[in-house]
Amino acid sequence: MSDETLTLTLPDGSAREVPRGTLPREVVASIGPRLLRDAIAVTVNGAVQDLMTPLRAGGAFRVLTPKDPESLAVLRHSGAHILATAVRRLRPDAHIGFGPAIDDGFYYDFEVDRPFTPEDLEAFEAEMRKVVAEKFPFIRDEVDREEAKRRFADDPLKLERIADLGDSEVISTYTDGPFIDLCRGPHVPDTSYLRHFKLLHTAGAYWRGDERRQMLQRIYATAWWSQEDLAAYLHRIEEAKRRDHRVLGKALDLFFFHHVSPGAAFWTERGTIVYNELVRFIREKQAERFIEVKTPLLFGRALWEQSGHWGKYRENMFLVHNSETNEQDMSLKPMNCPSHYLLYLAKKHSYRELPRRLVTFDVLHRNELTGALSGLTRVRQFSQDDCHVFLAPSQITAEVRFLMDFIMSYYRAFGLEPSLRFATRPPTRIGTDAMWDEAESALRQALESTGQAYELKPGDGAFYGPKIDFDVTDSLGRAWQLGTIQLDYNAPERFDLQYVGEDNAMHRPVVIHRAVSGSLERFIAILIEHFAGAFPVWLAPEQVRVLPISDDLAPQAGEIVARMKAAGIRADLDAHDTLNYRIREAEIMKVPYMAVVGRREAEAGTVAVRTRGAGKKQDIVPVSDFIARVRTEIAERVLGP
RNA sequence: GCCGGCGUAGCUCAGCGGUAGAGCAUCGGUUUUGUAAACCGAGGGUCGCAGGUUCAAUCCCUGCCGCCGGCUCCA
């Protein structure tokens, strides 16, 4: 180590000169003993490192305390080591895999002969508390490759990782008490820092996510700086379960699944209303500038060979027996694109017709792995609001801009806030760089003109073109892709798509794949969770429930229901039990409005309106006014009540 | 597909070797209700399916089917 001097710049602008190799904790101590007590780690030029790692470079120097968000990841990563420490004590045979910090906690993967049980988990957690109480310091050690191999001679997974490390990489190990791990760090100073944590569940996980490799046992856990944060997190999970579309779908009687057709929903009367209202809304929005079409559900293999799906997508397609050839060479379509191309090809097109936007709601089937199916978010049968735009290359910028606006205004109608991802050219791709330059800049310009923040995903585009994806997260924080805008230069070639240009010569159009909801099934799942089942009036299966206070008022209440129905409102009469009981039922079913009819109201021609979720507060209004108000809310598709 | 957990009345769940129970829902009756559960009574289950062990299986074992949590946010 040289006697070189490093310059550290503190957040207050002051600078410190320290010899290279100084420990950050010495620097922190020199700033103040109080700070040292709170310090978890430091950042040098933004890179987090722990207090015991010698400083190699100077630059912007910041001390992380529990107040800094980055410090949580450090704590959690240390939590993973503490978990492994405990597991190794109780199951010395366990080989260790990886144990990173994740969004709300951490996990660690182990290779064991006998999978972990829920009881094992309790034992591990108790053992972890002992390790925490033992206050083992995390000791970093930098070693050469041979030494690393010696230290992990009994851990084949670690040896594999070591073998993958490049020659220039620093190999470091961290030790806490009896446990040593190959690890880059950083870590908290000692094990006592992990105080508020909980092991959550186990799961199988393939080594390195590769289904050809062995399955490891993963333990998921959460960890926080304070008891309040931990409690809040656990509470958040409980709340999320209450919003779970699978739970609400059953409670609100919207849809269900049956083992005779895994991954295909049965939509009940109420659910079908939601579904159809959604489709109606999309149709209205698309009415002017899109062309709706329908195509077959079943196709012979020739189409899939032309599109390229037969080769690599066949195992995801439901194959159907062809009675003529006696072969399994027909398939339920897994996507609409090829059939839209055929529709386009059925006629000759002029440049004057472009962009030509074909949309469809046809049913699609994809044979997903059984283990991947989950509620409405992962199904085998679904519909997309699928659109393929055929356009001239010169129209790309304007078209992408148009589609962006369309998609964003659609989400806004539900109060959804998607996150955007812009995926650019992958290493293996078709087409010229000039083509990609143009496509990417068109997408980027359209994206930036909206003012929306977006995440850049370099190299994540499809081989046939760049794309913009629109994601939202469900109640459990899992991200789902809804909309997408994908430029495609490949399909027009494969299907020999053409249009007659101004010059009377044939030209190659570009295709844009566009979905807004993505899968309607999944979108409804997202909506259920987003609204916690309390749909805005226009989407609600039942919009008004009319409640006569006593039986003898049922005829008058029935008349009000009839008037509402005639006005296009989904209203129902409920006279079957006590008023309190019926109000409770209507609240539980999340009916937006309850219209209570008592003697006073019947005589005055009014209803006492109770709004979902608003409690006792009532609003006495003439029936006609109430009808007009609800009609307006429906027509304008306002969010709420 | 793979690993783990689970599958009992329409729903939520208890029971776990001696052929089943609660609450809610449903049905019948009483009550006629002013803003989140009136009262009484009744009906309802080849305990996911198929084998096996046992004198005896919802309960134990095996296999299927389905559902749930996951399956690199890299040492």
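Residue numbering restarts at 1 for every chain, and letters A, B, ... go by the order of the sequence lines. Scope of the values below: all heavy atoms of this structure, side chains included, with no hydrogens, waters or symmetry mates.
- OP1 or OP2 of A75(B) has not a single side-chain nitrogen or oxygen of T173(A) nearer than 4.0 Å.
- Distance check on atom P: G28(B) versus U58(B) gives 34 Å, rounded to whole Å.
- Nucleotide G7(B) is matched to C65(B) when pairs are restricted to Watson-Crick or G-U wobble geometry with both distances under 3.5 angstrom.
- We find that E238(A) and K241(A) are joined by a salt bridge, their nearest charged nitrogen and carboxylate oxygen being less than 4.0 Å apart.
- Ring geometry for F138(A) against H187(A) counts as parallel: the plane angle stays under 30°, on a 0 to 90° scale with 60° as the upper cut.
- With respect to the salt-bridge test (charged N to carboxylate O, under 4.0 angstrom), the residues E160(A) and R213(A) qualify.
- Considering only side-chain N and O atoms, R161(A) lies nowhere under 4.0 angstrom from the phosphate OP1 or OP2 of C74(B).
- Computed from coordinates, the R184(A) CZ to U72(B) P distance equals 18 Å when rounded to whole Å.
- Atom CG of D109(A) is separated from atom C1' of C73(B) by 13 Å (rounded to the nearest Å).
- Of the C1' atoms belonging to G45(B) and U19(B), the separation is 13 Å, rounded to the nearest Å.
- Ring centroid separation for the pair F124(A) and F116(A) comes in under the 6.0 Å cut-off.
- Pairing partner, U54(B): none, since no Watson-Crick or wobble contact has both distances short of 3.5 Å.
- Distance, I237(A) CD1 to C68(B) C1': 15 Å, rounded to whole Å.
- To the nearest whole angstrom, the two C1' atoms, one in C6(B) and one in G48(B), are 11 Å apart.
- As judged by a 4.0 angstrom heavy-atom cut-off over every strand, L373(A) is placed among residues touching the sugar-phosphate backbone only.
- Applying the Watson-Crick and G-U wobble criteria (two distances, each under 3.5 Å), C71(B) pairs with G1(B).
- The base-pairing partner of C16(B), taking Watson-Crick or G-U wobble contacts with both distances under 3.5 Å, does not exist among the strands shown.
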The contact string for nucleotides 30-36 of chain B, one letter per nucleotide 5' to 3', using protein heavy atoms under 4.0 Å with B, S and - for base, sugar-phosphate only and none, comes out as --BBBBB
Produce a footprint string for nucleotides 41-51 of chain B: one letter per nucleotide, 5' end first; B if the base is under 4.0 Å from any protein heavy atom, S if only the sugar-phosphate is, - if neither. -----------
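- Taking the P atom of each, U53(B) and C71(B) are spaced 41 Å apart, rounded to whole Å.
- Between the CD atom of Q214(A) and the P atom of U72(B) there is a distance of 14 Å, rounded to whole Å.
- Counting only residues at least two apart or in different chains, ring-ring contact (aromatic ring centres under 6.0 Å, His included) contacts with residues 145-164 of chain A are absent.
- In this entry the distance linking CG of D253(A) with P of C24(B) reads 20 Å, nearest Å.
- The C1' atoms of A22(B) and C55(B) are separated by 32 Å, rounded to the nearest whole Å.
- Rounded to an integer number of Å, the gap from CG of D210(A) to P of U72(B) is 10 Å.
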Might you work through the side-chain contact (heavy atoms from CB on, under 4.5 Å) test for L23(A) and L51(A), ending with a clear yes or no? CA-CA 6 Å; L23(A) 300 180; L51(A) 299 174; over 6 Å; no
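- Using a 4.0 Å cut-off between charged nitrogen and carboxylate oxygen, R545(A) and E542(A) count as a salt-bridge pair.
- By the neighbour-count criterion of 12 heavy atoms within 6.0 Å, atom CG of D141(A) is densely surrounded, having more than that number from other residues, nucleotides or ligands.
- Ion pairing between R610(A) and D619(A) fails under the 4.0 Å rule for side-chain N and carboxylate O.
- When both pairing distances are held under 3.5 Å, A38(B) makes a Watson-Crick or G-U pair with U30(B).
- Note on ring orientation: taking the six-membered ring where Trp is involved, the planes of H309(A) and W304(A) are perpendicular (angle over 60°, cut-offs 30° and 60°).
- Nucleic acid contact for Y220(A): sugar-phosphate only, since backbone atoms but no base atoms lie under 4.0 Å from a heavy atom of the residue.
- Here C71(B) is the nucleotide among C73(B), C71(B), G69(B) with the atom lying nearest to any side-chain atom of R218(A).
- Of the P atoms belonging to A38(B) and A25(B), the separation is 10 Å, rounded to the nearest Å.
- As rounded to the nearest Å, C68(B) and C27(B) have P atoms that lie 31 Å from one another.
- A salt bridge links R242(A) to E239(A): at least one charged side-chain nitrogen sits closer than 4.0 Å to a carboxylate oxygen.
- Residue E417(A) qualifies as open at atom CD: its count of foreign heavy atoms under 6.0 Å is 12 or below.
- Here salt bridge (Lys or Arg N to Asp or Glu O under 4.0 Å) pairs that include residues 118-127 of chain A, with residues two or more places apart or in two chains, are R89(A)-E127(A), R91(A)-D120(A), R114(A)-D120(A), E125(A)-R129(A), E127(A)-K130(A).
- Spacing between atom OH of Y107(A) and atom C1' of A75(B) amounts to 11 Å, rounded to whole angstrom units.
- When the salt bridge (charged side-chain N to carboxylate O under 4.0 Å, His left out) test is applied to D68(A), the partners found at least two apart in sequence or on another chain are R62(A).
- Rounded to a whole angstrom, the distance from the C1' atom of A75(B) to that of G69(B) is 26 Å.
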Per-nt protein contacts along nucleotides 1-13 of chain B (heavy atom under 4.0 Å; B base, S backbone sugar-phosphate only, - none) come out as BBBS------SS-
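- Nearest-nucleotide assignment on RNA chain B puts the 5′-proximal partner with G209(A), out of I162(A) and G209(A).
- Note: CD (E238(A)) to P (G69(B)) measures 14 Å, nearest angstrom.
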